[in-house]
Novice: 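My questions will all concern the structure given below.
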Amino acid sequence: MGVKKIRVGMVGYQFMGKAHSHAYRDLPFYFDNPLKPELKVIAGRNEEAVKEAQGKMGWDSYETDWRKVIERDDIDVIDIVTPNHTHAEIAIAAAEAGKHIITEKPLALTVDEAKKMLNAVEKNGVKHMICHNYRFAPAVQYAKKLIEAGKIGRVYHYRANYLQDFIMDPNFPLVWRLKKEVSGTGALGDIGAHSIDLARFLIGEFKEVSGTMETFIKDRPIGEMTGGLNAKGDNEKMGEVTVDDAVAFLARFENGALGTFEATRFAGGNRNKNKFEINGEKGSIRWDMENMNNLEVYFADDEEGLQGFRLINCTEEVHPYVGAYWPPGHIIGYEHTFIHLIDEFFRGIANDKQPAPNFEDGVKNQIILEAVEKSSKEKRWIDIQ
């Protein structure tokens, strides 16, 4: 009763296109959202590939020019899952056409681009989100509740590691993720941006940062992504890697907490270890995406002899979102974080309330990304302004 249709156009169709498409299709099955998505059109430059994606992912039609998607009268939402250097142009055009927008991270290549995107959505009164999906793991949402309830008291430390290993092979191709003009940064913006967003979400704003960045393999075979994190290349032709392979930085937060951050795609054996630990005056919390349903919590006031980290399987109805799924102990996965994010997005549109994380968060994250990059170049602390 009262459910309205919302018509979606997606620009892009590979890794994140698959994740977002799945979320749209499964959302009505699990959640009583006031808006039901219609997958109207998907766009991509490669006609053969986008046509295949259209059929496989359940979209009604396809286009090879994203501008035609934005021009259509039967589209309410533009979903941007393209390489980073295209986000600003597409988002600004979509905002000017009165479309609500959700985009992959990082928001843009530069702070200036990000601010122009934020100005466009605010000027045109459309709702907007940036896809920091890890916020929407039930265990992360529950960690937020514990912190806000004062369970660990004043926060002293935030410790984050985002470790991958998919480009360690020197023959892994020079894809768009390794080109500064397309991606902006490497490990910093690709995965470090998630760690930054989680820190801001859980404990607050950054005050200053000091970091260092490194590129271990300077040249690679020319190539392209083929889906997921897979790629193919031409070993006869080489090109220069122009982004970081790894980054490490320190941070001070406005609330006085200290932060340590590491993001690398050269940590052998770590496929997607997005991990944080928070230490406070009354206890600690830690989480690891590779074991995403579990939260580890330590409380200093536990009885002596019983102190230590306890393991909470966040699949009870009291935990955020999971009441829509299965009985306790029946775990959910990576794809469900996108369902939760889309649920928040559509509720924001339906209730005329700006959801989060949004383009304002994207701007703040972009400021931090650029500060870390500047710190690495100038070898000094950089204020976050």
Side-chain angles (χ1 to χ4, degrees), residues 2-11 16 19-28 30-39 75-81 87-88 90-92 94-95 97-108 114-115 117-145 147-148 193-194 196-202 204-205 319-324 334-366:
V3 175
K4 297 181 180 179
K5 294 180 179 179
I6 185 164
R7 302 160 299 181
V8 183
M10 177 181 287
V11 185
M16 285 298 103
H20 289 215
S21 297
H22 172 270
Y24 291 126
R25 293 175 66 176
D26 266 20
L27 174 64
Y30 293 109
F31 290 91
D32 295 324
N33 194 287
L35 298 178
K36 182 178 180 179
E38 279 193 338
L39 280 62
I75 300 298
D76 304 305
V77 169
I78 296 295
D79 189 332
I80 305 170
V81 292
H87 292 180
I90 299 171
I92 291 170
K99 316 294 187 185
H100 305 297
I101 307 164
I102 182 169
T103 185
E104 269 300 324
K105 42 59 40 196
L107 188 59
K115 287 181 176 178
M117 293 168 71
L118 177 59
N119 180 66
V121 293
E122 291 181 339
K123 179 180 178 181
N124 291 282
V126 299
K127 299 298 183 284
H128 45 97
M129 280 193 89
I130 182 170
C131 194
H132 283 297
N133 59 297
Y134 295 115
R135 283 194 187 196
F136 295 93
V140 173
Q141 291 280 324
Y142 194 60
K144 174 74 169 176
K145 286 191 171 185
I147 294 166
E148 288 184 336
H194 279 304
I196 291 168
D197 181 74
L198 284 175
R200 291 186 53 252
F201 174 62
L202 290 167
E205 298 297 342
H319 298 125
Y321 299 113
V322 293
Y334 170 72
E335 68 273 22
H336 296 91
T337 63
F338 293 93
I339 298 175
H340 305 158
L341 186 146
I342 298 296
D343 183 55
E344 294 288 340
F345 184 40
F346 285 174
R347 290 183 190 279
I349 294 171
N351 299 322
D352 193 24
K353 183 179 179 181
Q354 178 54 53
N358 51 53
F359 283 19
E360 183 175 355
D361 294 288
V363 169
K364 291 179 178 179
N365 276 22
Q366 199 72 47

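Numbers here are sequence positions counted from 1.
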Novice: Parallel, tilted or perpendicular for H20 and F338, by the 30°/60° rule?
Specialist: tilted
Novice: Classify the side-chain pair D79/Y24 by whether it contains a donor and acceptor separated by less than 3.5 Å.
Specialist: yes
Novice: Side chains of K4 and P34: does their closest heavy-atom pair fall under 4.5 Å?
Specialist: no
Novice: At what distance, to the nearest 0.5 angstrom, does CG of N33 lie from CD of E344?
Specialist: 9.0 Å
Novice: Answer whether the closest heavy-atom distance between the side chains of K145 and P320 falls below 4.5 Å.
Specialist: yes
Novice: Test your reading of the model: is there a side-chain donor-acceptor pair from N124 to the backbone of V126, 3.5 Å cut-off?
Specialist: no
Novice: Nearest heavy-atom pair of A108 and Q366: which atoms, and what distance?
Specialist: O-OE1, 3.0 Å
Novice: Using side-chain heavy atoms (C-beta onward) and a distance below 4.5 Å, is S21 in contact with M10?
Specialist: yes
Novice: Could you tell me which residues satisfy side chain to side chain contact (heavy atoms under 4.5 Å, CB included) with H319, sequence neighbours excluded, listed by chain and number?
Specialist: Y142, I312, C314, E316, V322
Novice: Under the salt bridge (Lys or Arg N to Asp or Glu O under 4.0 Å) rule, what pairs show up with a residue in residues 119-128, not counting sequence neighbours?
Specialist: K127-D352
Novice: Which distance, rounded to the nearest 0.5 Å, do you find between the OG1 of T103 and the CE of M16?
Specialist: 12.0 Å
Novice: Taking K99 for the side chain and I75 for the main chain, is one N or O donor matched with an acceptor at less than 3.5 Å?
Specialist: yes
Novice: So does I101 get a backbone contact from the side chain of H128, meaning a donor-acceptor N/O pair under 3.5 Å?
Specialist: no
Novice: Check the pair I78, V11 against side-chain contact (heavy atoms from CB on, under 4.5 Å), reporting the backbone distance first and the verdict last.
Specialist: CA-CA 7 Å; I78 296 295; V11 185; 4.3 Å; yes
Novice: How about NZ on K115, more than 12 heavy atoms from neighbouring residues, nucleotides or ligands closer than 6.0 Å, or not?
Specialist: no
Novice: Can you name the nearest heavy-atom pair linking V140 to R135, along with the distance?
Specialist: CG1-O, 3.8 Å
Novice: Atom OH in Y334, atom NE2 in H22: separation rounded to 0.5 Å?
Specialist: 12.0 Å
Novice: So, applying side chain to side chain contact (heavy atoms under 4.5 Å, CB included) with I102, which one of V81, L341, I80, I130 is it?
Specialist: L341
Novice: Show your working on side-chain contact (heavy atoms from CB on, under 4.5 Å) between D361 and M129 and close with a plain yes or no.
Specialist: CA-CA 9 Å; D361 294 288; M129 280 193 89; over 6 Å; no
Novice: Mind listing the closest non-hydrogen atom pair of V77 and I6 along with its distance?
Specialist: CG2-CD1, 3.5 Å
Novice: Could you state the interatomic distance from CD1 (I92) to CG (N119), rounded to the nearest 0.5 Å?
Specialist: 8.5 Å
Novice: Quick one: closest heavy-atom pair of L27 and P37, and the distance?
Specialist: CD2-CD, 4.4 Å
Novice: With a 4.5 Å heavy-atom cut-off, do L107 and N365 have their side chains touching?
Specialist: no
Novice: Look at the side chain of H132 and the backbone N and O of D197, then say whether any donor-acceptor pair between them is shorter than 3.5 Å.
Specialist: no
Novice: State whether the side chain of D76 and the backbone N or O of R7 hold a donor-acceptor pair below 3.5 Å, judged by distance alone.
Specialist: yes
Novice: Got a donor-acceptor contact below 3.5 angstrom from the K144 side chain to the F201 backbone?
Specialist: yes
Novice: Would you give the length of the straight line joining atom CZ of R347 to atom CD1 of I342, rounded to the nearest 0.5 angstrom?
Specialist: 12.5 Å
Novice: Out of F136, Y321, F345, Y134, which residue meets the ring-ring contact (aromatic ring centres under 6.0 Å, His included) rule with H340?
Specialist: Y321
Novice: Without swapping roles, check the side chain of E205 against the backbone of R200 for a donor-acceptor pair under 3.5 Å.
Specialist: no
